[in-house]
> 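This structure is in structure tokens; I'll ask about it shortly.
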Amino acid sequence: MDRRVRVRFAPSPTGPLHIGGVRTALYNYLFAHKHGGDFLIRIEDTDQTRFVPGAEEYIIESLKWLGIEASEGIGFGDGKHAPYRQSERKPMYRDFAMQLIASGHAYYAFDTAEELDAMRDRLKASNVDAKYDAITRGTMKNSLTLSEDEVKRRLDNGDTYVVRFKLPRKEEVKFEDEIRGWVSFNTNQMDDKVLYKSDGMPTYHLANVVDDYLMQISHVIRGEEWLPSAPLHVLLYRAFGWENVMPKFAHLPLLLKPEGNGKLSKRDGDRLGFPVFPLNWIDPNTQELSSGYREAGYLPEAVVNLLAFLGWNPGTQQELFTLEELVQAFSLDRVSKSGAKFDQNKAKWFNQQYVRQLSDEALAPVLFKALEQAELNNSFNEEFVRKVCSLVKEKISFTKEIWEYSKYFFITPKEYDEQVIKKKWTDKTPQLLTDLITDFEQLTIFTQETIETAYQKALAKNEIQGKDFLQLFRVILTGVAGGPPLFEIAALIGKSESITRLKQALTTISK
RNA sequence: GGCCCGUUCGUCUAUCGGUUAGGACAAAAGAUUUUCAUUCUUUAAAGAGGGGUUCGAUUCCCCUACGGGCUACCA
């Protein structure tokens, strides 16, 4: 029975979208496109107490920035299964909960929080697993223990209640995970999960199963943290009689902290110096800023690429992939089972690869923006800026670094790398600089070649080895010890600026 | 604690019973670029431990250890 592939990414709007969530979205997207199917976004906002304003918009903006576009759902135009926000689907979940009660798969429970606590304390004290299960349910206030009349009375009276799943006793639940193979759980380790809350909202368990069924989801691709509740979901499909259209499950390995312990969390990013969020996020309550990949200077293509490789690989030597290439190469059976630690170095390397692929035209606006901030944007034309970009491009890993690495093209250096001055400046240097100035002044054509010829001539005259002077010359012209080919820099900043800088060095530098 | 999942170089990973266990990032060394933050070359670096199964195990099974996840009227 070949079904149309339909997958979903179902985040809850409780804060910024974590990078692990982004990867889940990406894998769903890749899988859908690979099989010519649909990828939809559903917002799981059944916990009203955890709603965070702006989170939903943040999630959508993040996915759009990365090019992970959905074919239907929140943020991408509703399809025929609207609404895609669970809070807006609220009325229907009650019917499904009632259906389960009617068929004997669920029951009403009237226990208060205090009574639940008391039960747990009591069981813990006697060293027994504290859970609402096949055994304890007989001691609690629910429609299994209360008389029919009493239940009716409470319901009519408007008493608050939840609906709990009536877990079959001691049953082995097996399912084949697309990534892990067969996994099995025994219901005696599980508890009667709440399906329908006293506030009239379903829990994740009910809502997710009902919606996946109604939206004809063929594959549930989600994080490993869901693996323990998967058997409950399987049982729910059975209870509803939907087992024949139950989606296949694929539980993704988690993204771990770089130092090894625990899954990557919100706090890690800024502590370790790399983002764990796609975009900057300011907490609406605390005003605390969490940094994002976009603002940190990552290119979306690089983020997609590096994320794809955290937990998956194509089995070939190729590492650089466009989104479209990833779609072609992706398959669930090449997703690994074990958690992946985030590697900042590799992330940087990925970004560097994409920065280099950027055209000068694409990079120029970034530099122009920096020039604007330095109020220098009117002093340089676009052609000049582009040439700077082409020279500096391969020296940077992040686009935002370009200003720092190219400042001296626009501003005459005021400070010089002291170590180089200390090491390379000699008594012979002033005379050499004087000769260099004279020679440069005589040049009518100021290009890389003519500059180099004049440079060699002055060196020979002063009996100085190129090795001993080139780096010093660089520092004199740029202020810093490293950079693109020096004579190209000189040619680009031009004859008069080069001479100005030599003269300045002559008068301001001494050992 | 219980249950579940996992375990190959420091990191991401390849290997689907037979390989000198391969690649990439990072590291180290060297070369070139008369600078280096580019490039090139080279080096170092791994099957958690113990039992099986097998002619042969990194690969299959079991145990232990370790890591992680879950254990709410949160998702």
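Atom set for the values below is all heavy atoms of this structure, side chains included, hydrogens, waters and symmetry mates excluded. By convention in this document, chain letters (A, B, ...) are assigned in the order of the sequence lines, proteins followed by strands, and residues within each chain are numbered from 1. All of these numbers come straight from a predicted model, not from anything done at the bench.
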> Where along nucleotides 3-9 of chain B does protein come under 4.0 Å, by heavy atom, of base (B) or sugar-phosphate alone (S), with - for untouched nucleotides?
SSBSS--
> In whole Å, what separates the P atom of B/C40 from that of B/C4?
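Here B/C40 and B/C4 have their P atoms 49 Å from each other.
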> Look at all strands and tell whether A/Leu470 reaches a base, only sugar-phosphate, or nothing, counting heavy atoms closer than 4.0 Å.
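Here A/Leu470 touches the bases of the nucleic acid.
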> Can you check the distance between B/C73 and B/G68, where both ends of the measurement are the P atom (answer in whole Å)?
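Here B/C73 and B/G68 have their P atoms 26 Å from each other.
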> Output yes when A/Glu44 and A/Arg42 qualify as a salt bridge under the 4.0 Å nitrogen-oxygen rule, no when they do not.
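A salt bridge links A/Glu44 with A/Arg42.
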> Could you check whether A/Tyr204 gets within reach of a base, just the sugar-phosphate, or nothing at all, counting any heavy atom under 4.0 Å?
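Base: the residue A/Tyr204, judged by heavy atoms under 4.0 Å, touches a nucleobase.
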> May I ask you to decide if the ring planes of A/Phe321 and A/Trp312 are parallel, tilted or perpendicular, using 30° and 60° as cut-offs?
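The rings of A/Phe321 and A/Trp312 stand perpendicular, inter-plane angle above 60°.
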> Could you work out the separation of B/U41 and B/U32 based on their P atoms and round it to a whole Å?
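Nearest-Å result for B/U41 against B/U32 at atom P: 15 Å.
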> Using a 4.0 Å heavy-atom cut-off, does A/Asp129 contact any base of the nucleic acid, only the sugar-phosphate backbone, or nothing at all?
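The residue A/Asp129 makes base contact.
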> For RNA chain B, determine which residues of residues 44-52 of chain A have any heavy atom closer than 4.0 angstrom to one of its atoms, and list them numerically.
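Contacting residues: A/Glu44, A/Thr46, A/Asp47, A/Arg50.
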> For A/Tyr408, which residues count as a side chain to side chain donor-acceptor pair (under 3.5 Å) partner, sequence neighbours excluded?
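For A/Tyr408, no residue satisfies side chain to side chain donor-acceptor pair (under 3.5 Å) once neighbours in sequence are set aside.
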> I'd like to know if the side chain of A/Asn462 pairs up with that of A/Gln431 as donor and acceptor (distance under 3.5 Å, no hydrogens or angles considered).
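No pair is found: no donor N or O on one side chain lies under 3.5 Å from an acceptor on the other.
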> What interatomic distance, in whole Å, is found between P of B/A46 and the corresponding atom of B/C63?
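So the two P atoms sit 29 Å from each other.
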> Heavy atoms only, 4.0 Å cut-off, all strands: where does A/Pro231 land among base, sugar-phosphate and nothing?
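Nothing, no heavy atom under 4.0 Å.
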> How many angstroms lie between atom CG of A/Leu306 and atom CD1 of A/Ile19, to the nearest 0.5 angstrom?
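Here the rounded value is 7.0 Å.
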> Hey, does A/Tyr455 reach any base, or is it just sugar-phosphate, or nothing, if we go heavy atoms under 4.0 Å?
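Answer is base: heavy atoms of A/Tyr455 come under 4.0 Å of a base.
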> Checking base pairs now: Watson-Crick or wobble, both atom distances under 3.5 Å. What partners B/C3?
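Because both required distances fall under 3.5 Å, B/C3 counts as paired with B/G69.
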> If you check the A/Arg474 side chain, which of B/U11, B/G22, B/U35 turns out closest?
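Comparing B/U11, B/G22, B/U35 against the side chain of A/Arg474, the answer is B/U35.
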> Does either side chain, that of A/Tyr161 or that of A/Asp111, offer a donor lying less than 3.5 Å from an acceptor on the other one?
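No pair is found: no donor N or O on one side chain lies under 3.5 Å from an acceptor on the other.
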> For B/C62 versus B/C3, give the span between their P atoms, rounded off to a whole number of Å.
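Here B/C62 and B/C3 have their P atoms 16 Å from each other.
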> Regarding B/C12, can its base be found pairing with the side chain of A/Lys341 as donor and acceptor, where the two atoms are less than 3.5 Å apart?
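When only heavy-atom distances are counted, A/Lys341 does not reach the base of B/C12 through any donor-acceptor pair under 3.5 Å.
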> Have a look at A/Ser336 and say if it touches a base, only the backbone sugar-phosphate, or nothing, with a 4.0 Å heavy-atom cut-off.
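A/Ser336: backbone/sugar contact only, no base atoms under 4.0 Å.
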> Is it true that A/Glu301 and A/Thr322 share a donor-acceptor pair across their side chains at a distance under 3.5 Å?
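Short answer, no.
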> Assess whether salt bridge (charged side-chain N to carboxylate O under 4.0 Å, His left out) is satisfied between A/Lys193 and A/Asp191, documenting all intermediate values.
CA-CA 6 Å; A/Lys193 279 274 177 288; A/Asp191 61 354; 2.6 Å; yes
> Pick the P atom in B/U20 and in B/A27, then give their distance to the nearest Å.
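Taking atom P in both B/U20 and B/A27, they lie 31 Å apart.
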> Contact class for A/Asp111 vs. all strands (heavy atom < 4.0 Å): base, sugar-phosphate, or nothing?
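A/Asp111: base contact, heavy atoms under 4.0 Å.
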> Looking only at atom C1', what distance separates B/U15 and B/A21, rounded to whole Å?
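Result for the C1' pair: 8 Å, nearest Å.
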> Closest approach to the side chain of A/Glu394, judged atom by atom: which nucleotide of B/U38, B/C12, B/C25 is it?
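Selected nucleotide (nearest to the side chain): B/U38.
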> Given B/A75, B/C25, B/U35, identify the nucleotide with an atom nearest to the side chain of A/Thr203.
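Of the options given, the side chain of A/Thr203 lies nearest B/A75.
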> Can you check whether A/Lys423 reaches A/Gln419 side chain to side chain, under 4.5 Å on heavy atoms?
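Result no, sub-4.5 Å side-chain heavy-atom pair not found.
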> Need one value for A/Gly311: base, sugar-phosphate or nothing, where a base atom within 4.0 Å counts as base even if backbone is also close, heavy atoms only.
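Here A/Gly311 touches the backbone only, sparing every base.
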> Decide yes or no for A/Asn208 and A/Arg222: does some side-chain heavy atom of the first lie under 4.5 Å from some side-chain heavy atom of the second?
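Of all side-chain heavy-atom pairs linking A/Arg222 with A/Asn208, at least one is under 4.5 Å.
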> When we call it a touch if two heavy atoms are under 4.0 Å apart, what does A/Arg222 touch: a base, just sugar-phosphate, or nothing?
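Touches nothing.
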